[in-house]
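What follows is a set of notes on a single structure, which appears directly below.
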Amino acid sequence: MRPAMMPVPVDLDGPALPPHLQVEITSACNLRCTMCLVRYRPPVNKLAGAMPLELFQRLIGELPDLRRLTLQGLGEPLLSPYLLDMIRTAVDRRVTVGFNSNATLLNRRRAEELVDSGVDWLHVSLDGATAATYENIRDGAHFGTVTENLAGLVAAKRQAGSTTPWIRVVFVAMRDNVAELPGLVRLLAEIGVDELHVQNLSHSFSDTDPAGRYAGIRAFTADQALWTGADLDNAAAAFAAATSAAAETSLHLRLPGLMTAEAGPLDGRGCSWPWDAVYVTSAGVVQPCCMVMGDDRATLGQLGEQSFPDIWYGPAYREFRRRLMSDDPPEVCRGCSLYRGTF
């Protein structure tokens with residue numbers, strides 16, 4: 001029997017080790033956003049929720065062909081005491097690196113540190129053009145603070161004469177906020193943001209028990225998702241107005257597809273994650289992608305028990321890939337916006 005931590009030989013019929021890694025460097029968060037699983041579970045302590053630096057570095061060492069590293073999950077990356085060390089690890093290996101933040105903690109000093117760190121991109125969540133709408137979604141945040149911090153990041157980048165980080169705002173489009181999208185385009189253009197990336201809610205949670213631990217976020221998604229037919233016209237109108245506003249500025253705008261929940265995968269395997277990328281939680285749980293939310297829904301291995309190559313070439317991953325290519329995909333994939341082409 002092979003020792004648990006010894007890497008397995010590469011299966012020539014299987015995928016090479018992934019070039020893209022997404023790591024939840026902390027599961028702790030300072031907000032309780034309406035569309036996030038964090039709101040529907042007990043709070044996580046800042047120190048207890050942080051991925052240990054030793055585990056992170058061991059994982060990085062097991063991926064010799066790593067090219068892209070995303071340092072985010074359900075938590076707020078700026079709460080991790082190891083964020084800058086993790087960025088430096090990637091920069092030293094010439095791996096493209098970045099993360100998503102709610103920007104509530106992104107004061108000018110931290111912005112300057114991040115510009116100096118060499119981080120390649122920084123995505124900021126901003127789901128409204130007014131304080132009322134944004135603060136109703138991002139419970140615990142203040143619109144004025146976030147927009148000021150975003151402007152401070154733009155200023156720090158300009159002051160340093162740096163082309164990085166690429167600053168992208170991420171807007172989760174829902175019934176309650178989609179009408180504000182054109183106004184947000186104009187606001188971000190004034191601030192000097194590089195890009196606005198609009199996305200739908202990530203999952204329907206249709207694979208979960210309606211009365212179980214995911215009941216709250218499942219009900220919220222059913223109420224707010226734009227993929228229901230009644231909202232398509234309103235969303236399309238908001239998207240069109242946002243496109244017109246962006247055309248008048250230098251702001252890059254990315255919009256999601258508007259399709260119904262019955263839409264199928266875009267190709268024969270639905271998505272490429274289990275072949276060329278991987279998501280790892282702060283506790284070292286290996287999952288097929290970042291869209292799952294909840295490490296009890298699709299667990300493929302535990303880094304404390306096996307090396308990453310053992311997990312990547314192991315039976316759980318093999319079976320997951322097989323089913324994703326079949327007419328009977330995993331239940332967790334069927335409610336995924338990426339799998340349905342609506343993300």
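Note that the structure is predicted; figures quoted are calculated from it, not measured.
By the ring-ring contact (aromatic ring centres under 6.0 Å, His included) test, Phe56 is found to be paired with no residue, residues two or more places apart in sequence or in another chain being considered. Looking at residues two or more places apart in sequence or on another chain, you find no ring-ring contact (aromatic ring centres under 6.0 Å, His included) involving His142.
A donor-acceptor contact shorter than 3.5 Å links the side chain of Arg110 to the backbone of Leu78. Of the possible polar contacts, none joining the Asp92 side chain to the Thr89 backbone as a donor-acceptor pair under 3.5 Å is found. Side chain of Arg158 to backbone of Leu153: no donor-acceptor contact under 3.5 angstrom is found. Side-chain atoms of Asn177 come within 3.5 Å of backbone atoms of Asp127 as a donor-acceptor pair (strictly under, hydrogens ignored). With Thr249 contributing its side chain and Ala246 its backbone, the two residues share a donor-acceptor pair below 3.5 Å. Within the 3.5 Å criterion, the main-chain N or O of Ser125 finds no donor-acceptor partner in the side chain of Asn102. Put simply, the side chain of Arg218 never gets that close to the backbone of Ser204: no donor and acceptor are under 3.5 Å apart. For the pair Asp120 (side chain) and Gly98 (backbone), a donor-acceptor distance under 3.5 Å is absent. Judged by distance alone, the side chain of Tyr313 and the main-chain N or O of Pro15 form a donor-acceptor pair under 3.5 Å. Between the side chain of Arg175 and the backbone N or O of Asp223, at least one donor-acceptor pair lies under 3.5 Å.
In this structure, Tyr317 is not a member of the same hydrophobic cluster as Val285, with clusters built from ILVMFWY side-chain heavy atoms closer than 4.5 Å. Linking Ile, Leu, Val, Met, Phe, Trp and Tyr whenever their side-chain heavy atoms come within less than 4.5 Å puts Val91 and Leu63 in one cluster. Put simply, Leu47 and Val38 are part of two different groups of oily side chains (I, L, V, M, F, W, Y) that touch within less than 4.5 Å, one to the next. Linking ILVMFWY residues whenever their side-chain heavy atoms come closer than 4.5 Å, directly or via other members, leaves Leu188 and Val170 in distinct clusters. Hydrophobic clustering of Ile, Leu, Val, Met, Phe, Trp and Tyr side chains at less than 4.5 Å, counting indirect connections, unites Val97 with Leu17.
Remark: Arg322 is not positioned above the aromatic ring of Trp275, lacking an NZ or CZ atom under 6.0 angstrom from the ring centre and at most 45 degrees off the axis.
Side chain to side chain, Asp176 and Gln224 meet the donor-acceptor criterion of an N or O pair below 3.5 Å. No donor-acceptor contact under 3.5 angstrom links the side chains of Thr133 and Asn136, judged on distance only. The closest side-chain donor-acceptor pair between Ser326 and Asp328, if any, does not fall under 3.5 angstrom. Asn30 and Thr104 are linked by a side-chain donor-acceptor pair at a separation below 3.5 angstrom, with hydrogens and angles left out of the test. Side-chain polar atoms of Tyr214 and Asp296 form a donor-acceptor pair below 3.5 angstrom. Side-chain contact check for Glu76 and Thr26: no donor-acceptor pair (N or O, by modelled atom type) lies under 3.5 Å. A donor-acceptor contact closer than 3.5 angstrom links the side chains of Ser272 and Asp276.
Within the model, atoms OG1 of Thr164 and CG of Leu114 stand 10.5 Å from one another, a figure rounded to the nearest 0.5 Å. The CD1 atom of Ile137 sits 13.0 Å away from the SG atom of Cys36 when rounded to the nearest 0.5 Å. In this structure, CD on Gln72 lies 9.5 Å from CG on Leu122, to the nearest 0.5 angstrom. With rounding to the nearest 0.5 Å, the separation of CD in Glu248 from CZ in Arg186 is 8.0 Å. The distance from atom CD1 of Ile25 to atom OG1 of Thr281, rounded to the nearest 0.5 Å, is 13.0 Å. Once rounded to the nearest 0.5 Å, the distance linking CG of Leu71 with CG of Leu69 reads 4.0 Å.
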Worksheet item: Between Met51 and Val23, does a side chain to side chain contact (heavy atoms under 4.5 Å, CB included) hold up when you go through it step by step?
Response: CA-CA 9 Å; Met51 171 179 275; Val23 180; 3.4 Å; yes
Worksheet item: Under the ring-ring contact (aromatic ring centres under 6.0 Å, His included) criterion, do His123 and Trp166 qualify, and how do the steps go?
Response: CA-CA 8 Å; His123 300 170; Trp166 177 265; 9.4 Å; no
Practice prompt. Please report the C-alpha distance between Arg168 and His252 in whole Å, then the side-chain angles of each, then the deciding distance to 0.1 Å, and finally whether the side chain to side chain contact (heavy atoms under 4.5 Å, CB included) criterion is met.
Written response: CA-CA 9 Å; Arg168 169 192 284 177; His252 294 260; over 6 Å; no
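A salt bridge links Glu113 to Arg109: one of the charged nitrogens lies within less than 4.0 Å of a carboxylate oxygen. A salt bridge links Lys157 with Asp194: the closest approach of a Lys/Arg side-chain nitrogen to an acidic carboxylate oxygen falls below 4.0 angstrom. We find that Asp207 and Arg334 are not joined by a salt bridge, their nearest charged nitrogen and carboxylate oxygen being 4.0 Å or further apart.
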